[in-house]
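Since the structure comes first, as structure tokens, the remarks are kept for the end.
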Protein chains: 2
Amino acid sequence: MDAEAVLQVRSFNRTVAERIGAVNDRFLHQPRPMNESRLIWEIGLEGEELRTLRMRLGLDSGYLTRVMRSLAKQGLVRVRTARQDGRVRSAHLTKSGLRVRAELDRRSDELALHILDVLTGKQREQLTSAMGQVERLLEASMVHLAIEDPTSTDAIWCFEQYFAELNSRFEGGFDPTRSISAETQELVPPRGALVIARLRGQPVGCGAVKFTKKRVAELKRMWICPALRGLGVGRRVMNELERLASEANVHLVRLETNRTLKEAIRLYRGAGYVEVEAFNAEPYAHHWFEKRLARASRFPKKELTRLVIQSRK
Amino acid sequence: MDAEAVLQVRSFNRTVAERIGAVNDRFLHQPRPMNESRLIWEIGLEGEELRTLRMRLGLDSGYLTRVMRSLAKQGLVRVRTARQDGRVRSAHLTKSGLRVRAELDRRSDELALHILDVLTGKQREQLTSAMGQVERLLEASMVHLAIEDPTSTDAIWCFEQYFAELNSRFEGGFDPTRSISAETQELVPPRGALVIARLRGQPVGCGAVKFTKKRVAELKRMWICPALRGLGVGRRVMNELERLASEANVHLVRLETNRTLKEAIRLYRGAGYVEVEAFNAEPYAHHWFEKRLARASRFPKKELTRLVIQSRK
DNA sequence: CCACTTGTCTGACGATAGTCAGATAATATA
DNA sequence: TATATTATCTGACTATCGTCAGACAAGTGG
């Protein structure tokens, strides 16, 4: 890869770590241990379950209990057992906890102001626009793909988003029951697979492959959340599905799509899909595409580990 | 200030802290305590004095001694008394210390590669270019001004840079002895002041004010290092000198300059200086400028604390 | 109902980070 | 030469962070 790009990224890391990190430290966690501040922040205005906090901050359960008790003793939080599940405990900020959080918020603003302070108006614009770009591209690089269970709540959420979008974009809406189905069982190995893209643990996109006939597969339910479009995530999901197909000895990948989905059509054409005659009777489709897969070696880089299940102690 | 800009900066901070900070941690300081790694890194290939390391990393002297001894016990560094000064001790990496450092270096590369990995070529270009811009502007916001002693080594270094630049840019060179002097004593309160701009502790620019007659001051030795030009540092130095003049009840600020110093002339004009007849016989000058100062309240924001002396325990 | 899982809590640790007061030796300064 | 100052080292602490093994209660699935 480009050595200059690597140098730029490293230099950026140093500068930013210094500017954000150091100043962040000095400004944000003033009298309080860092993890206490982080917790106050993450509990938020609405309260949060301990297990969620543990996951988000990557803390040991025993450790969390103690820090939480310390916060409770200071009168900043109240911990109580959740209604629905007697094992789960959830934390809420008290009045003075909310005050502390507001103070953190104010400090965070102050830090930002401090950075913008000495710049001219034009420089500020340049800085914020460049920051926005960096952020967007860094987020693109933080998206991870994994094969997941299509019955999970996150998978179902993705499908709902997908259907909702089709419904709003297709002329005359979209009714899943009239469309050629991809049953849940069909999206589980060995009959198929569902790939979910996640950013910070949250699902942000999906795509599925269904092995139909011998050596033929169909791509289904390609959806990327609007905020992340144009960053190549869709392309990565597709590559991954093709890799899975290739591993399953598939030689031909097919898909059908609706004419209103311009960006998807562009993605397919760009990836080497060519338009063919209708190969099924999907009522919502206007275009049918297919692509011949080369040997498995065309996909040397295995992007994901199979069935990644995230869990923390 | 622009609330949207503040939000963008904060959001940037979060994302980058997560991406760089978290991953940095996981990648870089693998088996070793963070401060040991930081020290190995900062000692560098050539070795470094302990007092410098203490300053750079902001460590307590006792603490540093112990961490250093731990590194020595691991066979990674050798500490010995400096030749020139029997009080000073300096640390050098051993062979295996150098290996550890190379490993850190490699990890740092790996992190950068990991970020660039999933991006397309065009995205990489966008990212590195945006990163460069952010870095440059962040650095601009990290520059601090302080009134300093004009006899310090850093002040002298600035003057040398300044003279060297004049010498290379003026047609026929520049000889300080032929120019109207600004004696060192003249740049110390109450007769005048020297402002030095620093980035990460290193001097990156200077500017001086000399109170000549009652209510009149002259600006002298305005210099900004080439890498930081165009970022408004010169303007800040000038504002600061004007503020000092204003505080000293000066009503008129004057300066002379050479026609080859285009960017300086632009700076002066932009700041409200107007060209006047020659008010002295400076042989190297082609333009003379002056600016009437408004009341002191025109400079409500005091940028610096007087005589900031950086020292750490 | 019984075994298993999940989420939390407790106790007992060890490692790292950070601070402070004072001792010591080498230099700088008056 | 007497008196600071500088740079380091030592000892004695405290706080925070992080980990591990096990207890316990609430829910889950057979």
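Every chain is numbered from 1 and lettered A, B, ... according to where its sequence line falls, protein lines coming before strand lines.
- Counting to the nearest Å, the C1' atom of D:dG18 and the CZ atom of A:R54 are 15 Å from each other.
- The two atoms that bring A:A155 and A:P150 nearest to each other are CB-O, 3.5 Å, heavy atoms only.
- Distance, A:M68 CE to C:dT8 C1': 13 Å, rounded to whole Å.
- In this structure, the side chain of A:T65 engages the main chain of A:S61 through a donor-acceptor pair within 3.5 Å.
- Aromatic ring orientation, A:W157 versus A:W223: perpendicular (interplanar angle above 60°, classes split at 30° and 60°).
- A:L64 has its CG atom 16 Å from the C1' atom of D:dC20, to the nearest Å.
- Shortest non-hydrogen contact noted between A:V143 and A:L228 is CG2-CD2, 4.2 Å.
- What separates CD of A:E48 from P of C:dT8 is a distance of 11 Å, to the nearest Å.
- The phosphate of D:dT6 (OP1 or OP2) has no side-chain N or O of B:R51 nearer than 4.0 angstrom.
- Using a distance-only test at 3.5 Å, with no hydrogens or angles considered, no donor-acceptor pair links the side chain of A:R89 to the main chain of A:R80.
- Side chain of B:T15 to main chain of A:L138: no donor-acceptor pair is present (N/O by atom type, distance under 3.5 Å, no hydrogens or angles).
- Residues from residues 72-79 of chain B that place a heavy atom under 4.0 Å from any atom of DNA chain C: there are none.
- Using a 4.0 Å heavy-atom distance criterion, A:L50 is classed as a sugar-phosphate-only contact.
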Report task. Walk me through it: do B:L59 and B:L53 pass the test side-chain contact (heavy atoms from CB on, under 4.5 Å)? Result -> CA-CA 8 Å; B:L59 299 175; B:L53 296 170; over 6 Å; no

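- Distance CZ (B:R89) to P (C:dT24): 17 Å, rounded to an integer number of Å.
- Heavy atoms only, all atoms of each residue included: B:G75 and B:S96 are closest at O-OG, 3.0 Å.
- A donor-acceptor contact shorter than 3.5 Å links the side chain of A:T94 to the backbone of A:L76.
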Atom pairs under 3.5 Å, N or O on each side, protein against nucleotides 27-29 of chain C: can you list them with distances?
| from | atom 1 | to | atom 2 | distance (Å) |
| --- | --- | --- | --- | --- |
| C:dT27 | OP1 | B:G86 | N | 2.6 |
| C:dT27 | O4' | B:R87 | NE | 3.3 |

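- Residue B:L59 contributes atom CG, which lies 12 Å from atom P of D:dT8 at whole-angstrom precision.
- In terms of modelled atom types and a separation under 3.5 Å, the side chain of A:R56 and the main chain of A:E42 share a donor-acceptor contact.
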Requested in this report: Between protein and nucleotides 10-17 of chain C, map the contacts as a letter string: B base, S sugar-phosphate only, - none, heavy atoms under 4.0 Å, written 5' to 3'.
Outcome: BBB---SB

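- One interatomic measurement links the two molecules: CE of B:M55 to C1' of D:dT8, which rounds to 16 Å at whole-angstrom precision.
- Contact between B:A112 and A:R10 at its shortest, heavy atoms only, is CB-CG, 4.1 Å.
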